[in-house]
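Here's the structure, in structure tokens; my notes come after.
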Amino acid sequence: MTFTRRNLFALAATASFAATLAGLGLPVHAAMAADDTVKIGMIQPMTGPFASTGVEAVAGAKQYIADHGDTVAGKKIELVVKDDTGSPNETKRIAQELVVNEGADVLMGFGLTPLAFATAPIASQAKVPMVVTAAATSSITEKSPYIVRTSFTLPQASSAMGEWAAANGIKSVVTLVSDYAPGKDAQDWFVKTFEDKGGKVVEQLTVPLKNPDFSPFLQRVADNKPDAVFVFVPAGVGAQFMKQFRERGLGDAGIKLIGTGDVVDDQIVNDMGDVALGVVSAHHYTAALPSDMNQKFVKDFKAANGGMRPNFMAVGAYDGMALVYHALEKTGGDASGEALIEAMKGLSWESPRGPVSIDPDTRDMVQNIYIDRTEKKDGELYNVPIDTVENVKDPAKAAK
Ligand code: VNL
């Protein structure tokens, strides 16, 4: 009897499936491994307040397939996209459905920290790799040994910003962050590094994540008259923040705006207007990186997506796919969870963001953090790199 994919699945639908395989002396998982496709279930907010993240990420994953083909190590890659609307219960339910009913070999995505936290137990129970391409709270990778991350951690970006600020004449700062786990990481690591280098944080403000009105918080910043305000808001939200920053006239009052790159993400920065000029941010990606690889990536991505610029969410997903492809090459096409996770540890490759590797101990990325200044280039606003901190590990885990 020849095992084609079709009759394997037909068999799987019958109660005699396992018995038939046992009769042939085949363990069930060996027969399943004969399957010639690797299914990647990508779960992202495609609608709702964080849809910009999902749209960028899905386009980034598709760009990787366009650049590298849909076959790796003899396996056909099948990308399935699901919308969780940004609700943790939905993310978890969809993940369960993907691994139990749809035979997903890899889970990918996770636009926000609560969505990644909710799904971690599914990855552990199913022993399926969970590739986090967006959410950036340091502790996420500690929630399951099956989690690997291709985005960044807030402590990576915020500590670089704290050092830069202290070394560049900024003496007093008010911090303003979204009130959830990554905001706390951003605040804690900015404060720690900035104060270690002699800076003073005069007030720490937290703003609701949902439907934020920044005005009263910006008024508090103005009242404090610090040299700078350090900001973290999730991708997309920077548009609303900058509008209110301008309306309050904080820039005109001489208060510098610094932050992680999320507040000026590449999808929205060009629409911010002159208020964004001179913002200094720290991040692992900017579309303005001059390397040939990145410039080609930006050009191809824009061509494929109606002119939309890739932001760090797009690159996170592009590298999520790179991680899966390189791991499959290493396992010779073995897509079992254990084999893939082991293969992912220690992998390194060249990304549009620069050289990256997966820290085998933490399953987080080791990568450059760029200090960027928002400037006009060829008539458009870009976050232009002015300094690089090379090969940054997640400092929050190094500290443990
Ligand atoms: C998170 C971190 C989300 C950084 C973001 O955008 C972001 C998170 C949606 O961990 O929730 O820019």
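We use all heavy atoms of the structure for the numbers below, so side chains are in, but hydrogens, waters and symmetry mates are not. In this chain, numbering begins with 1 at the start of the sequence shown. Start at 1 and go down the list; that is how both ligands and their atoms are numbered.
- Residues in residues 174-186 take part in these side chain to side chain donor-acceptor pair (under 3.5 Å) pairs, two or more places apart or across chains: K184-D188.
- Ring pair H284/Y370: centre-to-centre distance not below 6.0 Å.
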Discussion item. I'd like to know whether T193 forms a side-chain hydrogen bond (donor to acceptor under 3.5 Å, both in side chains) with S159, so could you lay out the CA-CA distance, the side-chain angles of the two residues, the decisive distance to 0.1 Å, and finally the verdict.
Written reply: CA-CA 6 Å; T193 44; S159 58; 5.4 Å; no

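- Aromatic pair Y325/Y64: ring centres closer than 6.0 Å.
- The aromatic rings of F297 and F301 are tilted relative to each other, their planes meeting at an angle between 30° and 60°.
- Aromatic pair F245/F214: centroids not less than 6.0 angstrom apart.
- Ligand 1 lies under 4.0 Å from heavy atoms of T53, G111, L112, T113, A135, A136, T137, Y180, P182, F232, P234, A235, D262, F312, M313.
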